[in-house]
Undergrad: 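Starting off with a structure, shown below.
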Amino acid sequence: MPTLTDYILNDVGRPGSSLVTVFHLLENAGKVIASHVKSSGLVDILGKTGSKNTFGEEVQKLDEFADTLLTNTLIGSGAVAAVVSEEREKPVYAPKDKTGKYIVYFDPLDGSSVIDINCPIGTIFSIYYAKDGLLQSGKKQVAAGYILYGSSVMFVFSTGKGVNGFTLDPAIGSFLLSHPDIKMPEKGNIYSINEAYEKFHTQETKAYLHYLKEEGKSKSRYVGSLVADGHRTLLKGGIYLYPTDAKQPQGKVRLMIEVNPFAFLTEQAGGESLGAENKDPLKIEPEHIHQRSPFIMGSHGNIVDYKRFCK
Ligand code: FBP
């Protein structure tokens, strides 16, 4: 099996190029974060830091660790002009003598609400050319992906030429190409939504969930970490929904940091995504780096079904 390092050198860019540098840094950071996640129950890295981030959210120690590691390695690399982290209100710019070609948006550790209970969590990343500025539509992503810290550690990404998944072989410390050219099934029987919010759901969402239950062919799965629920939806098909609702009319997940990377991967794997006003989120011009958005991603057949209820 080709290693991720080989693949980066052969398929992502020419050796020494800035994009190759960014991918190598993400690969190495992923391994370091994975080792801390894997031993998190044994060392004092579980739980909260006691401080809140600028969005008023409790900061998890692992989140803070991953954020600092990714920010420092990318900003000091010479390949990156700026990074935007889900944990920081403002972008972090590279020093003038170290500025580079790319902007990297990342969620250092997505699924912060399930970190302490050993559920799959992950790092999400999205890469743009810096020359076009911080706010670009998802269509302009150069590459996007995630690193999943679950029963195995996986590095899944696309540079616009399909989606490939690599699994970390702990024995040799390399990611190996375990899931080449991931294609979503045309339709799946799994739906994923936090049904505890039913009271706040729109009529469309309620009608769609009612139809799925009446039809009786589906099963519900919801981990509560987009990386885990998104990964399952990419591999097994079906539909993940974090729609607009009366409590969070803008949606919860972040357009640039969470939605666009998964919408890019979904499109590359043959599925479809919907954002605000059920438009393709990749075509939405962002207004703010931390803009939130409704997000629905799924197999083509499941999205066709869902759209029937949107009308
Ligand atoms: P964070 O930005 O705080 O990580 O929230 C994102 C997220 O955890 C997603 O991974 C997940 O799909 C969703 O929020 C879960 O939200 P809820 O707890 O409202 O179901």
Undergrad: Has the side chain of K183 got a donor or acceptor atom that lies under 3.5 Å from a matching backbone atom of Q268?
TA: yes
Undergrad: Take a 6.0 Å sphere around NZ of K38 and say whether it holds more than 12 heavy atoms from other residues, nucleotides or ligands.
TA: yes
Undergrad: Taking it one step at a time, do L148 and V156 satisfy side chain to side chain contact (heavy atoms under 4.5 Å, CB included)?
TA: CA-CA 8 Å; L148 174 68; V156 179; over 6 Å; no
Undergrad: Compare all side-chain heavy atoms of I124 with those of V227 and state whether any distance is below 4.5 angstrom.
TA: yes
Undergrad: Below 4.5 Å, heavy atoms only, C-beta onward: do M297 and L234 meet side chain to side chain?
TA: yes
Undergrad: Could you check whether any side-chain N or O of K140 sits under 3.5 Å from a backbone N or O of D132, counting only pairs where one atom can act as donor and the other as acceptor?
TA: no
Undergrad: Would you check if I103 and L134 make a side-chain contact, meaning some heavy-atom pair closer than 4.5 Å?
TA: yes
Undergrad: Using side chain to side chain contact (heavy atoms under 4.5 Å, CB included), reason through T205 and Y197 one step at a time and then give a plain yes or no.
TA: CA-CA 11 Å; T205 306; Y197 302 149; over 6 Å; no
Undergrad: Hey, is the main chain of D245 close enough, under 3.5 Å, to the side chain of Q248 for a donor-acceptor pair?
TA: no
Undergrad: Any side-chain heavy atom of R221 sitting closer than 4.5 Å to one from R232?
TA: yes
Undergrad: Flag the pair K31 / F175 as yes when at least one side-chain heavy-atom distance between them is below 4.5 Å, and no otherwise.
TA: yes
Undergrad: Yes or no on side chain to side chain contact (heavy atoms under 4.5 Å, CB included) for K61 and E64, after CA distance, side-chain angles and deciding distance?
TA: CA-CA 5 Å; K61 290 179 185 165; E64 189 173 65; 5.7 Å; no
Undergrad: With a 6.0 Å cut-off on the ring centroids, do Y208 and F309 count as close?
TA: yes
Undergrad: Evaluate the criterion side-chain hydrogen bond (donor to acceptor under 3.5 Å, both in side chains) for residue pair T123 and Y149; output intermediate values, then yes/no.
TA: CA-CA 8 Å; T123 298; Y149 312 109; 2.8 Å; yes
Undergrad: Check for a donor-acceptor pair, side chain of S225 on one end and backbone N or O of I121 on the other, with a separation under 3.5 Å.
TA: no
Undergrad: Aromatic ring centroids of F23 and Y7 under 6.0 Å?
TA: no
Undergrad: Are M184 and T266 side-chain neighbours, meaning at least one heavy-atom pair lies under 4.5 Å?
TA: yes
Undergrad: If I compare all heavy atoms of I289 with all of P91, which pair ends up nearest, and what's the gap?
TA: CD1-CD, 3.8 Å
Undergrad: I need the E27 CD to T5 OG1 distance, nearest 0.5 Å.
TA: 3.5 Å
Undergrad: Say whether, by atom type as modelled, one donor and one acceptor occur between the side chain of Q141 and the main chain of F264 under 3.5 angstrom.
TA: no
Undergrad: Are the side chain of S299 and the backbone of N302 linked by a donor-acceptor contact shorter than 3.5 Å?
TA: no
Undergrad: Looking at every non-hydrogen atom in both residues, tell me the closest pair between S273 and A263 and how far apart they are.
TA: OG-CA, 3.5 Å
Undergrad: Taking atom CE of M154 and atom CG of L235, what is their separation to the nearest 0.5 Å?
TA: 6.5 Å
Undergrad: Where the side chain of D110 meets the backbone of L226, is there a donor-acceptor pair that is under 3.5 Å apart?
TA: yes
Undergrad: Checking T71 side chain against T68 main chain: does a donor-acceptor pair fall under 3.5 Å?
TA: no
Undergrad: Going through the checks in order, is the salt bridge (Lys or Arg N to Asp or Glu O under 4.0 Å) test met by K252 and E258?
TA: CA-CA 10 Å; K252 176 189 182 183; E258 292 158 317; over 6 Å; no
Undergrad: Looking at the rings of Y129 and Y102, which for Trp means the six-membered one, are their centres under 6.0 Å apart?
TA: yes
Undergrad: What residue among F106, F262, F125, F157 forms ring pair (Phe, Tyr, Trp, His ring centres under 6.0 Å) with Y146?
TA: F262
Undergrad: Would you tabulate the side-chain donor-acceptor contacts of residues 167-174 under 3.5 Å, counting partners in other chains and residues two or more places apart, or write 'none'?
TA:
unit_1	atom_1	unit_2	atom_2	d
T167	OG1	S178	OG	2.6
D169	OD1	A171	N	2.8

Undergrad: Taking NZ in K247 as the centre, count heavy atoms belonging to other residues, nucleotides or ligands within less than 6.0 Å. Is the count above 12?
TA: yes
Undergrad: Atom CG of L255 and atom CD of Q250: how far apart are they, to the nearest 0.5 Å?
TA: 11.5 Å
Undergrad: Answer yes or no: are there more than 12 heavy-atom neighbours, outside N118 itself, under 6.0 Å from its atom CG?
TA: no
Undergrad: Find out whether K283 and K139 are in side-chain contact, i.e. whether some heavy atom of one side chain is under 4.5 Å from a heavy atom of the other.
TA: yes
Undergrad: Anything under 30° is parallel, anything over 60° is perpendicular, the rest tilted; go ahead and classify Y242 against Y240.
TA: tilted
Undergrad: To the nearest 0.5 Å, what is the distance between CG (L241) and OH (Y222)?
TA: 10.0 Å
Undergrad: Is the Lys NZ or Arg CZ of R254 less than 6.0 Å from the centre of Y105's six-membered ring, within 45° of the axis?
TA: no
Undergrad: Could you go through the side-chain hydrogen bond (donor to acceptor under 3.5 Å, both in side chains) check for D67 and S85 one step at a time?
TA: CA-CA 7 Å; D67 175 59; S85 164; 2.6 Å; yes
Undergrad: Between T244 and P249, what is the shortest heavy-atom contact and its length?
TA: OG1-O, 2.6 Å
Undergrad: Could you tell me the separation between the CD atom of E89 and the NE2 atom of H290, rounded to the nearest 0.5 Å?
TA: 7.0 Å
Undergrad: Could you pull out the closest heavy-atom pair between K199 and K206, with the gap in Å?
TA: O-NZ, 3.8 Å
Undergrad: Nearest heavy-atom pair of G224 and S113: which atoms, and what distance?
TA: O-OG, 3.8 Å
Undergrad: Between I239 and T233, is a side chain to side chain contact (heavy atoms under 4.5 Å, CB included) present by the stated rule, with each step listed?
TA: CA-CA 6 Å; I239 188 167; T233 308; 5.7 Å; no
Undergrad: Count the heavy atoms of every other residue, nucleotide or ligand shown that sit under 6.0 Å from NZ of K236, and state whether that count exceeds 12.
TA: no
Undergrad: Report, as yes or no, whether the 6.0 Å neighbourhood of atom CD on E287 holds more than 12 heavy atoms from other residues, nucleotides or ligands.
TA: no
Undergrad: Which heavy atom in P281 sits nearest to a heavy atom in V259, and how many Å separate them?
TA: CB-CG1, 3.7 Å
Undergrad: Please tell me if the side chains of I75 and P95 come closer than 4.5 Å, counting only heavy atoms from C-beta onward.
TA: yes
Undergrad: Please round to the nearest 0.5 Å and tell me the distance separating atom CG of L74 and atom CG of L26.
TA: 5.5 Å
